[in-house]
Amino acid sequence: MKELDKRYNHKESEPRIYALWEKSGYFNPDKLPSRHKEPFCILIPPPNANDPLHIGHALFVTLEDIMTRYARMRGKKALWLPGMDHAGFETQVVYEKKLQKEGRSRLDMKREQFYKEVWNYTQKNRNTVREQLKTLGASCDWSREVFTLDDKVTKTVYKTFQDMYKEGLIYRGERLVNYCVKHQTAFSELEIEHQEKDDKLYYLKYGPLTVATVRPETIFGDTAVAVNPTDKRYKNYIGKKVEVDLIIEKRYMPVIADSIIDPEFGTGALKVTPAHDQNDYEIWQRHKDEIGGPISVINKNGRLNNKAGKYAGMKIEEAREIVVKDLKNKGLLEKEEAYKHTVALCYKCKNIIEPMLMKQWFVKIEPLAKPAIKAVRDEKIKIIPESQKKTYMHWMKNIKDWNISRQNWWGIEIPAWKCESCSNSDKEVWTITAGEEPKKCSQCSGSALERDPDVFDTWFSSGQWPFATLGWPNGKDFKTFYPTSILETGYDIIFFWVARMIMLGLWRTKKIPFRLVYLHGLVRDKDRQKMSKSKGNAIDPLGVVQEYGADALRMALIVGNSIGKDPTIAEDKIRGYRNFATKLWNVTRFLLMNLEDHDPKQKAILTDQDKKISKDFKKFKKKITRYMERCEYWHSAEALYHFMWTTFASEILESSKEILNGDNKKMRKSRQKLLLDIWIDALTVLHPFMPFITEELYQYLSSDKEPLMIRKWPIS
RNA sequence: GCGCGCUUAGCUCAGCUGGCUAGAGCGCCUCGUUUACACCGAGGAGGUCGGGGGUUCGAGUCCCUCAGCGCGCACCA
């Protein structure tokens with residue numbers, strides 16, 4: 001046996017070991033030995049193909065690799081299917097920033113050109129990300145890698161859209177949607193944030209009444225005044241019309257009664273602007289007979305439109321200031337007071353979200369949510385940590401129809417064509433296909449068709465990830481691996497992704513998409529701060545791997561990271577596990593130095609002490625296995641660390657030195673065997689956590705031709 | 001406003017259905033150039049388990065309550 005250096009050289013070893021695994025072919029479940037029968041499958045939460053991986057990715061990679069390697073060693077037909085996400089809006093934003101730096105703009109480009117450039121950009125990033133995943137030790141089956149714009153995905157997405165439309169689960173509707181003026185697209189309610197803001201509440205003279213508003217610039221879109229039906233002050237006005245001076249014109253406003261009005265707030269009278277306020281929109285819905293339709297006064301650039309008379313063309317904040325000034329001059333401003341309220345912001349640019357009246361595609365969500373609630377309630381799908389199950393339930397029970405239209409260029413285009421000849425302003429006639437361009441309108445057989453320029457919300461396609469990747473409905477993998485075993489991801493995307501996969505999976509396949517949802521926390525720095533590039537506290541996982549090795553990083557991410565809590569990581573923690581790797585290396589080195597007359601066929605003659613060591617180790621292996629079965633990886637990792645360093649190296653090995661140096665050959669040989677057996681098994685159970693060094697050491701210690709990665713888990 | 005979670009050694013955290021004389025890693029202190037390892041070894045200091053009350057033979061662990069911190073959801077003009 002070869003003499004080892006004093007230190008483990010991870011830089012040299014890790015790439016070599018990864019190559020050895022790839023050569024073995026065992027990342028591919030079809031190439032595993034035939035004893036691997038029971039299917040096991042994890043689908044990667046596809047990283048965005050617009051940026052290199054960050055430390056948060058390293059956490060999911062480690063967890064999922066542990067799960068996969070463990071399953072594989074337990075004799076399962078294990079598949080960890082890799083893929084990457086085109087990440088529609090996210091990528092468009094990243095690329096537009098890049099363009100901006102180059103002094104270019106999307107708006108100066110043809111859509112096709114922009115799409116092509118982003119395509120090339122994502123393909124380049126895919127290569128980077130793939131190499132990074134390999135560096136971290138991910139045992140993915142690269143022969144099955146999927147991109148969310150691959151044919152098999154887009155075709156599935158089109159088909160789902162078409163079938164849902166046929167079933168009436170998708171409809172086209174004009175709704176008040178969350179619109180970001182900067183990004184010029186609508187969002188679902190998940191992509192907006194709420195934040196407290198100091199504003200002013202303006203009391204406007206509104207004919208004979210006074211209304212309170214934070215948005216005086218929308219008065220041109222007012223269609224009514226609403227009061228509470230029980231409010232005595234306004235009793236005589238209800239049902240009548242009042243003449244209101246709107247600066248640019250005088251208009252008669254109906255006074256309506258609606259119980260949503262809080263008499264305590266402001267003056268107890270509300271100006272109703274259905275086109276620019278969610279609440280007002282709903283009031284209009286309830287009082288359509290009494291008041292006219294919504295009047296939009298803001299355009300898609302966030303400026304007032306020609307309904308606002310002389311204010312047309314002004315930006316919202318600017319218009320507000322001037323309108324207030326003019327109202328004041330006309331004596332229409334009664335008073336203003338400081339007011340703190342919550343506003344909706346774009347999650348990306350933090351600009352205020354404008355509620356806008358737009359025609360969009362919506363998913364009728366309730367029929368999908370019901371079975372999704374049931375599946376989790378009945379534990380067909382188990383969610384850990386348990387607390388997240390409550391979050392899921394709460395959201396699902398209050399879920400709203402899902403706007404899946406995005407006014408972006410980068411993404412999967414919606415396969416919907418509008419007939420120019422039979423559509424009019426009241427009625428749109430659409431032809432929906434499974435992707436192919438229709439020759440004629442489904443209604444009038446005319447050929448004047450125009451495709452909806454919008455693309456899908458990315459989550460509408462990633463929500464179909466489990467069955468799309470596996471080749472629904474007839475693919476071999478779909479039949480073998482669906483429903484998948486574990487869905488592992490961060491708790492921050494439980495609604496965006498997990499909930500949608502459950503709903504769409506159940507609807508499309510009539511089966512749950514996965515059995516267990518494991519939700520990890522968000523990586524923080526040692527002061528519990530979120531990591532971000534701008535704060536300068538971000539740890540680059542690949543830099544860390546260079547310095548300390550992937551194994552050290554993996555351990556540092558797992559130990560002390562109980563499920564669902566936000567883990568912290570700092571460099572000295574990673575250094576600690578690099579030291580652990582050195583320890584493992586030197587223990588092995590010591591064993592090899594004391595093995596010169598070791599005889600593998602030696603029958604062990606166990607002393608009482610040997611028996612105790614052996615028995616304790618059996619118990620230890622059982623404990624680790626129990627932790628693995630419960631997905632308590634932080635417990636396993638910590639216990640392994642303690643056993644291998646303290647118990648084995650400091651205690652067992654130290655107390656064996658006398659025997660190993662002694663004259664009793666039989667005892668010496670027997671102890672050699674005992675130590676070697678235990679150590680190999682310990683390396684085996686450590687393998688899912690620190691795959692590189694364990695594999696490397698196994699190659700020195702064992703005569704086995706097969707790599708450690710498929711060695712049987714050492715428990716009976 | 002509604003909901004969820006957290007508070008255990010200087011720091012980061014374990015501690016399942018109550019039995020702990022309360023643990024780990026890092027950090028700190030003392031000693032040690034012993035051929036596996038100084039990315040090491042030997043030893044050590046350090047906690048009234050956020051406050052108060054209750055249940056129990058027994059509570060870090062269960063219940064109530066107060067305080068502080070964090071997060072999620074939310075149409076108050």
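Proteins get letters first, then strands, A, B, ... in listed order; numbering begins at 1 in each.
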- Task: Determine the sole option in Val517(A), Ile381(A), Ile502(A), Leu519(A) for which the side-chain contact (heavy atoms from CB on, under 4.5 Å) test with Tyr392(A) is passed.
- Result: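 Checked Val517(A), Ile381(A), Ile502(A), Leu519(A) against Tyr392(A); only one passes side-chain contact (heavy atoms from CB on, under 4.5 Å): Ile502(A).
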Grab the [atom1]-[atom2] distance between [X] and [N] for me, whole Å please.
| X | N | atom1 | atom2 | value |
| --- | --- | --- | --- | --- |
| Leu270(A) | C75(B) | CG | C1' | 11 Å |
| Met644(A) | C37(B) | CE | P | 19 Å |
| Phe580(A) | G41(B) | CZ | P | 12 Å |
| Asn398(A) | A74(B) | CG | P | 9 Å |
| Asn594(A) | C37(B) | CG | P | 12 Å |
| Tyr8(A) | A38(B) | OH | P | 18 Å |
| Leu519(A) | C71(B) | CG | C1' | 14 Å |

Taking only the [atom1] atom of each, what is the distance from [N] to [M] in whole angstrom?
| N | M | atom1 | value |
| --- | --- | --- | --- |
| A67(B) | U55(B) | P | 23 Å |
| G46(B) | C29(B) | P | 16 Å |
| U56(B) | C62(B) | C1' | 10 Å |
| G23(B) | C16(B) | C1' | 15 Å |
| G10(B) | C28(B) | C1' | 8 Å |
| C39(B) | C26(B) | C1' | 14 Å |
| C31(B) | A14(B) | C1' | 31 Å |
| A22(B) | C76(B) | C1' | 49 Å |

- Message: Between the side chains of Lys350(A) and Glu193(A), is the shortest nitrogen-to-carboxylate-oxygen separation below 4.0 Å, so that they form an ion pair?
- Response: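 Answer for the salt bridge query: yes.
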- Query: Is the shortest distance from a Lys or Arg side-chain nitrogen in Lys389(A) or Glu379(A) to a carboxylate oxygen in the other one below 4.0 Å?
  - Reply: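 Yes.
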Which nucleotide wins on minimum distance to the side chain of [X], given the candidates [options]?
| X | options | value |
| --- | --- | --- |
| Arg7(A) | C73(B), A77(B), C39(B) | C39(B) |
| Ser387(A) | G5(B), A36(B), A77(B) | G5(B) |
| Gln278(A) | A77(B), U35(B), C75(B) | C75(B) |

Using OP1 and OP2 only, check whether a side-chain N or O of [X] sits under 4.0 Å from [N].
| X | N | result |
| --- | --- | --- |
| Lys389(A) | G3(B) | no |
| Asn579(A) | C40(B) | yes |
| Tyr339(A) | A77(B) | yes |
| Lys390(A) | G72(B) | no |
| Lys6(A) | C37(B) | yes |

Look at all strands and tell whether [X] reaches a base, only sugar-phosphate, or nothing, counting heavy atoms closer than 4.0 Å.
| X | answer |
| --- | --- |
| Glu654(A) | base |
| Arg215(A) | nothing |
| Ile261(A) | base |
| Ala226(A) | nothing |

- Query: For the rings on Phe617(A) and Phe648(A), is their centre-to-centre separation under 6.0 Å?
  - Reply: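 So the answer is no for these two rings.
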- Assign a letter to each nucleotide of nucleotides 13-32 of chain B from its 5' end: B, base within under 4.0 Å of a protein heavy atom; S, sugar-phosphate only; -, no contact. SSS--------SSS------
- Query: Which distance, rounded to the nearest 0.5 Å, do you find between the NZ of Lys271(A) and the CG of Leu209(A)?
  - Reply: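 Result: 14.0 Å between the selected atoms.
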- When rounded to the nearest 0.5 angstrom, what is the spacing between CG in Leu697(A) and CD1 in Ile17(A)?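 Rounded to the nearest 0.5 Å, the CG-CD1 separation comes to 9.0 Å.
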- Message: Please give me the minimum heavy-atom distance between His276(A) and Arg215(A), naming the atom from each residue.
- Response: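 The answer is O-NH1, 3.9 Å.
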- Query: Which heavy atom of Gly564(A) sits nearest a heavy atom of Tyr491(A), and at what distance?
  - Reply: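 Scanning both residues completely, I find the closest heavy atoms to be O-CE2, 3.7 Å.
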- cation_pi(Lys583(A), Trp585(A)) dist<6.0 Å, angle<=45: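 No, cation not above the ring by the 6.0 Å, 45° rule.
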- Task: Using the salt bridge (Lys or Arg N to Asp or Glu O under 4.0 Å) rule, pick out the option among Asp616(A), Asp677(A), Asp681(A) that qualifies with Lys621(A).
- Result: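 Running salt bridge (Lys or Arg N to Asp or Glu O under 4.0 Å) over Asp616(A), Asp677(A), Asp681(A) with Lys621(A) returns exactly one hit, Asp681(A).
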- Can you list the stems that include RNA chain B, where a stem is three or more consecutive Watson-Crick or G-U pairs with distances under 3.5 Å?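 Stem list for RNA chain B: B:1-7 with B:67-73, B:10-13 with B:23-26, B:28-32 with B:40-44, B:50-54 with B:62-66.
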